[in-house]
Amino acid sequence: MGKQVFCRALVSANWLSGALKSRPNLRVLDATYDKDAQKQFSQRHMPKARFFDLDQCKDQASPYEMMLPSEKHFGQYVGNLGINNDSHVVVYDTDKMGMLSSPRVWWMFRVFGHKNVSVLDGGLQNWLKQGLPVTSENPQYGPETFRAKLDPSLLKRFEDIQDNISSKRFQVVDARSAGRFRGPEPKPGEGIEPGHITGTVNLPFSSFLTKEGYEKSPEEIQRLFQEKGVDLNKPMAASCRRGVTACHVALASFILGKENTAVYDGSWSEWFHRAKPEHKVFEKN
């Protein structure tokens, strides 16, 4: 396995357009997460992109929505996409917000030990706005060997969050909307009420994005954390409904130089079902 390089977390459409022509070890992944994602991918995607199916690359045995797969499962899955430990992986999605699910895949690569991974700033919608090409053709990459090694420092499990209720060893930032966090919004899914983990801070993931769908500047991101009283010099974990938009918090803090923000993988979908009643907060008005 070659030496890994630490590349920037975000790349621009202009940079990627050039890199697609000059970097043979570049791998592009469409990580769109919705029911029509694969169909849309078959009709239109970025050149040389492969589809990363979040519903396939997860713990299929878990009762919760989006739990990490095993090291072996992840390694085999991304290896079959033509990715090895020397690849530079760039992830995008097609959401109208610019970026929605792509930071989840960025974090998955990082939690499995691969640092050479970036998110396309602005996603496919801004790639198209710049007049850059799309295709329906699939690249012919043969299978590769990817050795995944879990980095436990970037992952929080139920027991970690439970212990933290009393120990307060780390801050927890919830990336859902204010309504989902507080409780008055409708149910976010079958059998799950809105609400939040005791002691968490609410910073909606959409706060990090401009109206055009790009990541905000480091100065603006810094201000968002400061306004919520989050100390980036102290340990931090991120949560959401199922561990997807929480990865926006990890990405935003990474941009500011904090590379060790963990993600609570089970997030609210697990906490709602497993936590004690006194550790769940519901605000009804």
Side-chain angles (χ1 to χ4, degrees), residues 4 6-11 27-33 52-59 62 64-71 73-75 77-78 81 83 85 87-93 95 97-121 123 146 148-157 160-161 170-176 203-209 215 221 225 232 235-270:
Q4 291 199 336
F6 290 76
C7 71
R8 51 190 171 177
L10 292 172
V11 296
R27 295 292 182 267
V28 180
L29 297 177
D30 182 329
T32 306
Y33 186 62
F52 189 104
D53 191 338
L54 280 163
D55 273 334
Q56 291 298 316
C57 193
K58 68 177 185 180
D59 181 356
S62 174
Y64 307 111
E65 294 186 51
M66 191 64 67
M67 304 295 273
L68 278 177
S70 65
E71 291 174 336
H73 182 174
F74 184 82
Y77 184 83
V78 302
L81 294 177
I83 295 168
N85 295 89
S87 300
H88 178 185
V89 180
V90 175
V91 193
Y92 76 92
D93 64 71
D95 193 83
M97 293 186 70
M99 294 173 284
L100 180 62
S101 51
S102 47
R104 167 72 182 190
V105 176
W106 169 83
W107 172 76
M108 289 176 74
F109 273 96
R110 295 194 69 246
V111 82
F112 282 117
H114 192 72
K115 309 303 183 186
N116 200 6
V117 56
S118 311
V119 174
L120 173 62
D121 194 13
F146 185 96
K149 183 172 178 55
L150 183 70
D151 180 352
S153 72
L154 298 179
L155 174 67
K156 295 297 184 189
R157 302 191 188 276
D160 300 316
I161 305 297
F170 53 87
Q171 307 159 98
V172 182
V173 178
D174 191 310
R176 291 173 298 157
L203 183 49
F205 79 95
S206 57
S207 302
F208 298 117
L209 303 175
E215 192 80 9
I221 294 171
F225 282 118
L232 293 174
M236 184 168 73
S239 180
C240 56
R241 173 187 164 179
R242 56 191 168 201
V244 175
T245 59
C247 299
H248 281 258
V249 177
L251 176 63
S253 60
F254 187 96
I255 290 168
L256 297 179
K258 185 176 180 60
E259 300 182 5
N260 59 352
T261 297
V263 170
Y264 172 27
D265 201 28
S267 284
W268 182 246
S269 66
E270 179 183 36

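Values reported hereafter were calculated over all heavy atoms of this structure, with side chains retained and with hydrogens, waters and symmetry mates removed. Fair warning: this is a prediction, and the values are worked out from it, not measured in the lab.
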Checking Phe146, Phe109, Phe52 against Tyr77 for ring pair (Phe, Tyr, Trp, His ring centres under 6.0 Å), the one that qualifies is Phe52
Shortest non-hydrogen contact between Cys247 and Trp106, atoms and distance: O-CZ3, 4.3 Å
Rounded distance [0.5 Å steps], CZ in Arg242 versus OG in Ser267: 10.5 Å
Is any side-chain heavy atom of Met108 closer than 4.5 Å to one of Leu54? yes
Sub-4.5 Å side-chain heavy-atom contact between Thr245 and Leu100: yes
Compute both the distance and the angle, then confirm whether Lys156 meets the cation-pi test with Phe170: under 6.0 Å from the six-membered ring centre, within 45 degrees of the axis. yes
Answer yes or no: is there a side-chain heavy-atom contact under 4.5 Å between Asp30 and Tyr92? yes
With no hydrogens and no angle check, is any side-chain donor or acceptor of Gln171 less than 3.5 Å from a backbone partner on Pro235? yes
Could you tell me whether the side chain of Ser102 and the main chain of Ala31 form a donor-acceptor pair under 3.5 Å? no
Indicate yes or no for a side-chain donor-acceptor contact from Ser62 to the backbone of Tyr64 under 3.5 Å, with no hydrogens or angles considered. yes
Straight-line distance of Ile221 CD1 to Leu251 CG, nearest 0.5 Å: 7.5 Å
Using the side chain to side chain contact (heavy atoms under 4.5 Å, CB included) rule, take Trp107 and Leu155 through it: C-alpha gap first, then chi angles, then the decisive distance, then the call. CA-CA 10 Å; Trp107 172 76; Leu155 174 67; 3.9 Å; yes
Could you list the residues that satisfy salt bridge (charged side-chain N to carboxylate O under 4.0 Å, His left out) with Arg27, not counting sequence neighbours? none
Scanning both residues in full, the closest heavy-atom pair of Arg241 with Arg176 reads N-CD, 3.4 Å
Closest heavy-atom pair, Asp55 versus Asp53, reported as atoms and distance to 0.1 Å, is N-OD1, 2.9 Å
So, are Arg104 and Asp93 salt-bridged, with charged N and O less than 4.0 Å apart? no
Is there a side chain to side chain contact (heavy atoms under 4.5 Å, CB included) between Met236 and Val249? Walk through the geometry before answering. CA-CA 10 Å; Met236 184 168 73; Val249 177; 4.2 Å; yes
Here the pair of heavy atoms bringing Ser269 nearest to Gly266 is OG-O, 2.9 Å
Which class fits the ring pair Phe225 and Phe208: parallel under 30°, tilted 30 to 60°, perpendicular over 60°? tilted
Gap separating the CG atom of Leu10 from the CZ atom of Phe254, nearest 0.5 angstrom: 9.5 Å
Go through the side-chain N and O atoms of Tyr33 and Asp95 and say whether any donor and acceptor fall under 3.5 Å apart. no
Answer whether the closest heavy-atom distance between the side chains of Val111 and Val263 falls below 4.5 Å. no
The salt bridge (charged side-chain N to carboxylate O under 4.0 Å, His left out) partners of Asp59 (sequence neighbours excluded) come to none
Answer yes or no: is there a donor N or O on one side and an acceptor on the other, between the side chain of His248 and the main chain of Leu209, under 3.5 Å? no
Trace of the salt bridge (charged side-chain N to carboxylate O under 4.0 Å, His left out) decision for Glu270 with Arg157: CA-CA 10 Å; Glu270 179 183 36; Arg157 302 191 188 276; over 6 Å; no
Angle class for the Phe74/Phe112 ring planes (parallel below 30°, perpendicular above 60°, tilted otherwise)? parallel
Ignoring hydrogens and geometry, is there a side-chain-to-backbone donor-acceptor pair from Asp121 to Glu215 under 3.5 Å? yes
Measure across Ala262 and Ser153 and return the closest heavy-atom pair with its distance rounded to 0.1 Å. CB-O, 3.6 Å
Nearest-0.5 Å distance, CG of residue Leu68 to CG of residue Leu150: 7.0 Å
Roughly how far, to the nearest 0.5 Å, is CE of Met66 from SG of Cys57? 10.0 Å
Can you tell me how far the CG atom of Asn260 sits from the CG atom of Leu154, to the nearest 0.5 Å? 7.5 Å
Please assess Leu29 against Ile83 for the test side chain to side chain contact (heavy atoms under 4.5 Å, CB included), listing each intermediate value before the final yes or no. CA-CA 10 Å; Leu29 297 177; Ile83 295 168; 3.9 Å; yes
